[in-house]
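Below, chain A is the first sequence line, B the second, and so on; all start at residue 1.
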2 protein chains.
Amino acid sequence: MNEFDLIERYFAPLAGPEGLRLKDDTAVFLPKPGHDLLITTDSFVEGVHFPKAMYGADVAERLLRTNLSDIAAKAGKPLGYQLSVSMGADAMEQWIPAFAKGLQTTQDEYGCRLWGGDTTRTDGPAVFSITMIGEVAAESMVQRAGASIGDDIWVTGILGDAKLGCDLVTNQRIEPAPSGEYLFSFETAYWRPEPAFAYRRILKRFATSAADISDGIMADVAHISKLSESCAALNFDALPFSLGAETWAEAQDNPVQARKILASFGDDYGVVFTSKVESRQAIFDAARTAKLKLTLVGSMQTGKGSVCLDVDGQTMDWPQKGYLHK
Amino acid sequence: MNEFDLIERYFAPLAGPEGLRLKDDTAVFLPKPGHDLLITTDSFVEGVHFPKAMYGADVAERLLRTNLSDIAAKAGKPLGYQLSVSMGADAMEQWIPAFAKGLQTTQDEYGCRLWGGDTTRTDGPAVFSITMIGEVAAESMVQRAGASIGDDIWVTGILGDAKLGCDLVTNQRIEPAPSGEYLFSFETAYWRPEPAFAYRRILKRFATSAADISDGIMADVAHISKLSESCAALNFDALPFSLGAETWAEAQDNPVQARKILASFGDDYGVVFTSKVESRQAIFDAARTAKLKLTLVGSMQTGKGSVCLDVDGQTMDWPQKGYLHK
């Protein structure tokens, strides 16, 4: 099957009307008046962003969800995406059907469609790139820039599962072996991170800045603080590690060090955001009403970069940086 | 230099206001009311779409121009682009400065800006992908679909130079050695194909369908005919090969076969389009007034696919297909 046939058979059914059934090489789209468009790109390299020889549907879900996560962190709504696939000719034929299935599941869940892309051959590691287009009411995108000294720092959902899921997927094991329910949570967190669309109203109404957690929470809050010339100070004991991750950390020789590793690792794909102190109670209330897990983890202080504080308010050593390759 | 530094130093200066100085991972853009957006993606793999170890500025120009070509074929205006770069860590540091320079030159020439993207590491061949966003007055995009039986087929500019440029770049030589002026034209056609924006008014006013010539004119007209359930019949002797390409073909053992090879090769990046027969004189006049090379090369007939006709109107054998990997 050549790639025109592969596109026709597996990708064309994913296309929205903007994609002209992928019969054209250009998508066309009439934007909604009074709305800004959001555009973001995330690429995956085989062997770097996911292990070699993984199931196509898993890779597709993870790739699409990481792009959706950027739109979610901006309080946006996803519309469509362009997909670039570079892989070996033989692999393509065997792999694309499952890959397309993973795209279908995910785009159905989040209400976006394939608009177009390109398919190329490489004899090296496969490379996938998605450019996602979303929308938001004009001038209401929550940016990385915008935090002020004194702002609260919040994190959505839980941390740590994705790192353990990555270890499981990459090395086939972690020590100690987790119980079945945690195992499932870890693998799910790695392959199917949950873009934080559920928090859209809260972000829209309260966030002064936001970033998705792709490089590790310490690195991602540093992106925010860099743009506000301040220091993101996180309270180590407030970080909302999952029960599974806590259980794993407690079983390590050095549980504090283990938690540091969890907090330095990317791929959690929740959102870290800042807000005015005056909004604190309203945010707690909004989260409770919407039954959303939202944790106050620190505040923007004078200084630069990001630090973690221990229970006594002292700066902790922080050996690891976030993923530089991302 | 890590990639945050590379992005800051080399890519951030290319960013338009939509790109938020590349300090954010998402671009934001307020579309012009009453305009459709055009979105297209083209990817290059090192060793497939350009030879290994080429000068970064050349690769950048070719990559950006091929994407611009898609927008030009739709009668659109380019706005901005997302760039995905996957390459080796060492190569990145040495290669990106020239690559960024090539992007700068090209985006200045065509009036578009970098909006964002992603930078990743691979130990395999480099992969570059651009998603270009353009605009066009609402519902005025010229699509691949839209041709009718009886329509004229036109091609912009000249054909053949890019194939010889590719041979030169790939093999360092062609036989017979071209004279200096042709050599320059060949290499320019390969590295700096000219997106057909000069033809925008003609396309907008007259074209019933259009495609850029990326896969070889025979394959590209077949994309058009497939969507109109007709056959694109090209007159072989009408194909506007460049003087350099004609000179090369005439010096081959079989000049007809040589011209077939030229017409089967992609990368010319002109535009092939169809129009109503009634518009023929007006198109000739418009091209003459604008001093644009435009050639009537055939017509849409009953049947399917594409054929070349000889001077007697007989179907010629056509051994090669367009690039399938594109």
Side-chain angles (χ1 to χ4, degrees), chain A residues 2-4 18 20 23-31 33 35-45 47-49 70-71 73-74 76 80 82-84 86 89 115-118 120-125 127 129 131 133 136 138-139 141 143-145 211-212 214 223 226-227 324-326, chain B residues 2-4 18 20 23-31 33 35-45 47-49 70-71 73-74 76 80 82-84 86 89 115-118 120-125 127 129 131 133 136 138-139 141 143-145 211-212 214 223 226-227 324-326:
Chain A
N2 70 40
E3 62 228 72
F4 290 121
E18 299 83 359
L20 304 170
K23 300 284 191 193
D24 211 303
D25 56 5
T26 303
V28 59
F29 161 65
L30 180 64
H35 283 67
D36 281 335
L37 289 184
L38 309 179
I39 304 120
T40 185
T41 300
D42 268 313
S43 307
F44 273 17
V45 178
V48 179
H49 301 88
D70 286 325
I71 301 294
K74 303 321 192 196
Q82 298 282 114
L83 170 70
S84 171
S86 301
W115 285 0
D118 197 9
T120 50
R121 305 283 168 106
T122 174
D123 52 13
V127 179
S129 183
T131 293
I133 291 138
V136 75
E139 295 181 27
M141 164 172 145
Q143 299 191 9
R144 275 187 185 170
D212 72 331
S214 57
H223 296 320
K226 197 177 173 188
L227 294 173
L324 267 183
H325 71 251
K326 297 283 287 271
Chain B
N2 70 40
E3 60 228 76
F4 290 121
E18 299 84 357
L20 304 170
K23 300 283 191 194
D24 210 303
D25 57 4
T26 303
V28 58
F29 162 64
L30 181 64
H35 283 67
D36 280 336
L37 289 184
L38 309 179
I39 305 118
T40 184
T41 300
D42 267 313
S43 307
F44 273 16
V45 178
V48 180
H49 301 88
D70 286 325
I71 302 293
K74 303 321 193 196
Q82 297 283 113
L83 170 69
S84 170
S86 301
W115 285 1
D118 197 10
T120 50
R121 306 282 168 105
T122 173
D123 53 12
V127 179
S129 183
T131 293
I133 291 139
V136 74
E139 294 182 28
M141 164 174 146
Q143 298 191 10
R144 276 187 183 169
D212 72 331
S214 57
H223 295 321
K226 196 177 173 188
L227 295 173
L324 267 184
H325 70 252
K326 298 284 286 270

- Item | Residue selection (most heavy-atom pairs with chain A, distance under 4.5 Å) from B:Gly80, B:Ser84, B:Gly76, B:Ser129 | B:Ser84
- Message: Taking every non-hydrogen pair under 4.5 Å, which of A:Gly124, A:Ala89, A:Gly117, A:Gly116 racks up the most with chain B?
- Response: A:Gly117
- Query: Between B:Asp118 and A:Ser43, is there a donor-acceptor pair closer than 3.5 Å when you use the side chain of the first and the backbone of the second?
  - Reply: yes
- Task: Please report the shortest heavy-atom distance between A:Val48 and B:Arg121, naming the atom on each side.
- Result: CG2-O, 3.4 Å
- Can you tell which of B:Ala211, B:Ser86, B:Pro33 has the highest number of heavy-atom pairs within less than 4.5 Å of chain A? B:Ser86
- Mind checking whether A:Asp24 and B:Met141 have side chains closer than 4.5 Å, heavy atoms only? yes
- Highest number of heavy-atom pairs under 4.5 Å with chain B among A:Val45, A:Asp123, A:Ile39 belongs to A:Ile39
- Note on the structure: So CZ of B:Phe29 and CD1 of A:Ile133: to nearest 0.5 Å the spacing works out to 10.5 Å
- Query: Where on B:Leu227 is there a heavy atom nearer than 4.5 Å to chain A: the side chain, the backbone, both, or neither?
  - Reply: side chain
- Query: Is a donor on one side and an acceptor on the other found under 3.5 Å between the side chain of A:Arg144 and the backbone of B:Lys23?
  - Reply: yes
- Note on the structure: Of the listed A:Pro125, A:Ala145, A:Gly47, the one with the largest count of heavy-atom pairs under 4.5 Å with chain B is A:Pro125
- Task: Say whether, by atom type as modelled, one donor and one acceptor occur between the side chain of A:Thr40 and the main chain of B:Asp25 under 3.5 angstrom.
- Result: yes
- Most contacts with chain A, counted as non-hydrogen pairs under 4.5 angstrom, among B:Asp36, B:Thr26, B:Leu20: B:Thr26
- Message: Can you tell me which of B:Val127, B:Leu30, B:Thr131, B:Leu37 forms the most heavy-atom pairs within a distance under 4.5 Å of chain A?
- Response: B:Leu37
